[in-house]
Amino acid sequence: MPALLRRLETGGCGWRIELGFRLGGVLLLAACALALWTLSLSASRPSPHPVAPAEFGEAMFSVAAWALGWALLAEGPGLFRLCALPERHARHR
């Protein structure tokens, strides 16, 4: 695992890893769309009970899947690329 993370940080990953991250983003966006569809169905029906914890969890999942899905789809493994910090923000050792 550390070797893979090191390759992601330096940007030396192959097309398979790139495709895997992008496909993961698409799958998360599809899961988000499915969760939002089921939430819209439950919202359009009159409910004799208050919001169930499962519905609240589904809404939280849809927001997290939307955010992570777009990040993975747009940036891919570039999310793990190291960036240079200005000297004033770097921790001194």
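Linking ILVMFWY side-chain heavy atoms closer than 4.5 Å, directly or via other members, places Phe56 and Leu39 in two distinct hydrophobic clusters.
Residues that satisfy the side-chain contact (heavy atoms from CB on, under 4.5 Å) test with Leu19, not counting sequence neighbours, are Trp15. Taking Leu72 as the reference, Phe21, Leu28, Leu68, Leu79 meet the side-chain contact (heavy atoms from CB on, under 4.5 Å) condition, with sequence neighbours excluded.
The other residues sharing a hydrophobic cluster with Trp66 are Val26, Leu29, Trp70, Leu73, where clustering joins ILVMFWY side chains under 4.5 Å apart.
Judged as a side-chain hydrogen bond (donor to acceptor under 3.5 Å, both in side chains), the pairs with a partner in residues 17-39 (not counting sequence neighbours) are, in order, Glu18-Arg22, Thr38-Glu58.
Residues Ser62 and Cys32 come closest through the heavy atom pair O-SG, 3.3 Å.
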